[in-house]
S.K.: 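I am attaching a structure below and will ask some questions about it afterwards.
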Amino acid sequence: MTWFTVALVLVVAAAGLLRWRRPAWYWLTFGVTLAMARVLVRYGSVMDACGLTVPPSRWRLTLARVTNRPVPESRPPRILRLRPTRTGLVLRLKLRPGQDAFDIAAASDRLRHSFTMYGVTSRELRSGVVELRMTGYDVLKRVQMPAKTDTAAMRVPVALREDGAVHYRDYRAIPHALTLGATESGKSVYQRNLVAGLAPMDVALVGIDCKQGVELFPLARRFSALADNPDTAAELLDALVTHMEGVYQLIRAEQRITADVPDADIAADIWDLPADLRPTPIVVLVDEVAELALFANKEEEKRRDRIITALARLAQLGRASGIYLEICGQRFGSELGKGITMLRAQLTGRTAHRVNDESSANMAFGDISPDAVLAAIQIPADMRGVAIAGDSTGGWHRIRAPHTSLRQAVNTCNRHADRTPDLPALAPFRPALRSLKPVDAPAVESIPASA
């Protein structure tokens, strides 16, 4: 008995230590079993307390009266599946007649407390079926991306969502995006993760960094074109518009609109073209868009109008030609001048890190979801990298990108420098690089010089 008591104390102490220092390890060893037992044991009473049960049907009441049995109890939603994950539990429910998915979503906070979970989110899979994703610990406190992710062409895993799922930046589904965030909010780390994820893919990267290139020029070996000032940016954007028009001419020449060609084979964008004719897709990263929109005199105003017009044309017409915009900034509103709100309307994806005022959050989500605005202004200053990600459908998630140092991003870009395509239209803007000098491990190559 003494040895059993000692072993039990050691197990409890180990569990407590893991829960304090390594919550992910605690969840995989002890937490998942305890949580599943807690959900199954408490399920009926919790659903009844949360008002998620329905009274018995008439035929059940009639049957109880005929057979002289007790009146049947109210029934909760039926459990279809309870599945453990590396961060929590997934509970799939079949709703009873008269219930609605909104009822489950409205009670998610009460379910979180009742089941003693860290977070509970719900989504409707199909009519009558709702999935609850419950997290056992704060997955955003120490972000650990899964070893295997569902990557595909133009689909990059960039962050972890609060429900434990991976947040992807899918350019085929959401061509253009806007990323906002105050200084020291984690916006640069998010951008590094994006570049590091795109580096191994067959894609051309084009950067506009008007902070004299301090953010993007260290990654220059993987960029096909870079601009570090508004004048060069204007010329680069004009070259992209010319390239876009050339791609459309290629698509028209290869549309193959004949009677014997199936509808699915008719080309309408670069992804419908044969692989040997398909132009390389281009991702344009603008580090601080406000620097492109500000002006101090008439000449700079003309340049500004030229830049905004080119960006708006790329946002409206660039998707089919394989040009995708990733625009970052601290603020992005009508105070930046004419054409800005028209450009923002074309940016379907929205990501907002910590902002300094509510109006900045409204710039990202005011036309999408008021709840997302409230969530964005509540991000604490000590949680650098936490952001709210949403799109034009109104759905949003709290995410956090794993910390990626500039050296790690540079090494990744240098390792895949051979994938950098040479685009004739952008050749004048290809960054000039010095020869490499030997460096100590673990660096792969030295930081490239600016153009």
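For this chain, numbers begin at 1 and follow the sequence in order.
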S.K.: Go through the steps for L237 and L311 under the test side-chain contact (heavy atoms from CB on, under 4.5 Å), then give the verdict.
M.R.: CA-CA 7 Å; L237 290 171; L311 282 174; 3.8 Å; yes
S.K.: Does the side chain of N411 pick up a donor-acceptor pair with the side chain of R415 at under 3.5 Å?
M.R.: no
S.K.: Hey, could you give me the OG1/CH2 distance between T85 and W27, rounded to the nearest 0.5 Å?
M.R.: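 Going from the OG1 atom of T85 to the CH2 atom of W27 covers 7.0 Å.
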S.K.: How far does CG of N229 sit from CG of L292, to the nearest 0.5 angstrom?
M.R.: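 With rounding to 0.5 Å, CG (N229) is 10.0 Å from CG (L292).
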S.K.: When you compare the side chain of H397 with that of E162, does any pair of heavy atoms fall below 4.5 Å?
M.R.: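 Contact flag for E162/H397 side chains = no.
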S.K.: Run through L325, L426, L285, L226 and flag the one making a side-chain contact (heavy atoms from CB on, under 4.5 Å) with V206.
M.R.: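 The side-chain contact (heavy atoms from CB on, under 4.5 Å) with V206 is passed solely by L426 among L325, L426, L285, L226.
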S.K.: Donor-acceptor pair, distance only, cut-off 3.5 Å: does the side chain of R419 make one with the backbone of P200?
M.R.: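 Here the side-chain-to-backbone pair exists.
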S.K.: Does CZ in F115 sit with more than 12 non-hydrogen atoms of other residues, nucleotides or ligands closer than 6.0 Å?
M.R.: yes
S.K.: In terms of side-chain geometry, is the basic nitrogen of E215 or K187 positioned less than 4.0 Å from the acidic oxygen of its partner?
M.R.: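 K187 and E215: not salt-bridged.
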S.K.: With side chains defined as the heavy atoms from C-beta onward, is the minimum distance between D103 and L95 less than 4.5 Å?
M.R.: no
S.K.: I'd like to know if the side chain of T135 reaches the main chain of G119, judged simply by a donor and an acceptor atom lying under 3.5 Å from each other, with no hydrogens or angles considered.
M.R.: yes
S.K.: For R161 and V139, which heavy atoms make the closest approach, and how far apart are they?
M.R.: O-CG2, 3.5 Å
S.K.: Please report the C-alpha distance between I323 and H243 in whole Å, then the side-chain angles of each, then the deciding distance to 0.1 Å, and finally whether the side-chain contact (heavy atoms from CB on, under 4.5 Å) criterion is met.
M.R.: CA-CA 10 Å; I323 298 179; H243 173 79; 4.2 Å; yes
S.K.: Nearest 0.5 angstrom please: L314 CG to M244 CE, how far?
M.R.: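 It is 5.5 Å, given to the nearest 0.5 Å.
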S.K.: Carefully, step by step, assess R172 and R155 under the rule side-chain contact (heavy atoms from CB on, under 4.5 Å).
M.R.: CA-CA 8 Å; R172 298 285 299 275; R155 189 168 187 259; over 6 Å; no
S.K.: Is the number of heavy atoms from other residues, nucleotides or ligands under 6.0 Å of E358 CD greater than 12?
M.R.: no
S.K.: Before accepting this row, confirm whether a basic side-chain N of the pair R112/D109 lies closer than 4.0 Å to the acidic partner's carboxylate O.
M.R.: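 Salt bridge present between R112 and D109.
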S.K.: Assign the ring pair H353 / Y190 to parallel, tilted or perpendicular, where the plane angle (0 to 90°) is split at 30° and 60°.
M.R.: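 If you compare the ring of H353 with that of Y190, the planes turn out perpendicular.
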S.K.: Just by distance, do the side chain of R222 and the backbone of A199 share a donor-acceptor pair under 3.5 Å?
M.R.: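 Such a contact is found between R222 side chain and A199 backbone.
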S.K.: Return the minimal non-hydrogen interatomic distance between P402 and V158, and the atom names on each side.
M.R.: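 Where P402 meets V158 most closely, the heavy atoms are CD-O, 3.6 Å.
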S.K.: Looking at every heavy atom in both I388 and F365, which two are closest together, and how far apart are they?
M.R.: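 Scanning both residues, the minimum pair turns out to be O-CZ, 3.2 Å.
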S.K.: So if I apply the side-chain contact (heavy atoms from CB on, under 4.5 Å) rule between E326 and each of L178, D287, T179, which one comes out positive?
M.R.: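 Only one option passes, and that is T179.
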S.K.: Can you check whether V214's main-chain N or O pairs, donor with acceptor, with D209's side chain at less than 3.5 Å?
M.R.: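 Looks like yes, one N/O pair under 3.5 Å.
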S.K.: Without swapping roles, check the side chain of R354 against the backbone of T183 for a donor-acceptor pair under 3.5 Å.
M.R.: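 Confirmed, R354 side chain pairs with T183 backbone.
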S.K.: Ignoring hydrogens, what is the shortest heavy-atom contact between P146 and V166? Give both atom names and the distance.
M.R.: CG-CG2, 3.5 Å
S.K.: Side-chain contact, heavy-atom cut-off 4.5 Å: I79 with L91?
M.R.: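 Contact flag for I79/L91 side chains = yes.
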S.K.: Does the side chain of P77 come within less than 4.5 Å of V130's, by heavy atoms?
M.R.: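 When only atoms from C-beta onward are counted, P77 and V130 do not touch, as no gap falls below 4.5 Å.
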S.K.: How many angstroms lie between CG in L132 and CG in L89, if you round to the nearest 0.5 Å?
M.R.: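 Rounded to the nearest 0.5 Å, the CG-CG separation comes to 10.5 Å.
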S.K.: Considering only heavy atoms from C-beta outward, does the side chain of L93 approach that of V129 to under 4.5 Å?
M.R.: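 No, every pair of side-chain atoms sits at 4.5 Å or beyond.
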S.K.: Atom CE of M201 and atom OG1 of T280: how far apart are they, to the nearest 0.5 Å?
M.R.: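 It comes to 14.5 Å.
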S.K.: Sub-3.5 Å donor-acceptor pair from the side chain of Y168 to the main-chain atoms of D150, do we have one?
M.R.: yes
S.K.: Are any of the side-chain heavy atoms of F295 and P230 separated by less than 4.5 Å?
M.R.: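 Sidechains of P230 and F295: no contact.
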S.K.: Evaluate the side-chain proximity of R398 to V386: yes if any heavy-atom separation is below 4.5 Å, no if none is.
M.R.: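 In contact.
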S.K.: Hey, what do you get for OG1 (T87) to CD (Q144), rounding to the nearest 0.5 Å?
M.R.: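 Here the interatomic distance stands at 11.0 Å.
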S.K.: Just by distance, do the side chain of S185 and the backbone of V355 share a donor-acceptor pair under 3.5 Å?
M.R.: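 Not a single qualifying donor-acceptor pair exists.
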S.K.: What pair of heavy atoms forms the shortest contact from A315 to L343, and how long is it?
M.R.: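 Looks like CB-CD1, 3.8 Å.
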S.K.: Could you check whether any side-chain N or O of R169 sits under 3.5 Å from a backbone N or O of V156, counting only pairs where one atom can act as donor and the other as acceptor?
M.R.: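 No; zero donor-acceptor contacts below 3.5 Å.
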S.K.: Which heavy atom of P421 sits nearest to which heavy atom of V203, and what is that distance?
M.R.: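 Shortest heavy-atom separation between P421 and V203 comes out as CD-O, 3.9 Å.
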S.K.: Does R319 CZ have over 12 foreign heavy atoms under 6.0 Å away?
M.R.: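 12 or below, so no.
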S.K.: Show your working on side-chain hydrogen bond (donor to acceptor under 3.5 Å, both in side chains) between S360 and R331 and close with a plain yes or no.
M.R.: CA-CA 6 Å; S360 297; R331 289 181 64 84; 2.9 Å; yes
S.K.: Can you see whether Y248 has R252 sitting over its ring - NZ or CZ less than 6.0 Å from the centre and within 45° of the normal?
M.R.: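 No, R252 does not sit over the ring of Y248.
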S.K.: Has the side chain of T309 got a donor or acceptor atom that lies under 3.5 Å from a matching backbone atom of R306?
M.R.: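 Absent.
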S.K.: Could you tell me whether the side chain of I282 reaches within less than 4.5 Å of the side chain of L423, counting heavy atoms only?
M.R.: yes
S.K.: Is there a donor-acceptor contact under 3.5 Å from the side chain of D231 to the main chain of A234?
M.R.: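 Not at all, since once roles are kept as given, no pair shorter than 3.5 Å links the two residues.
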S.K.: Evaluate the criterion side-chain contact (heavy atoms from CB on, under 4.5 Å) for residue pair V39 and M134; output intermediate values, then yes/no.
M.R.: CA-CA 11 Å; V39 169; M134 299 182 280; 4.2 Å; yes
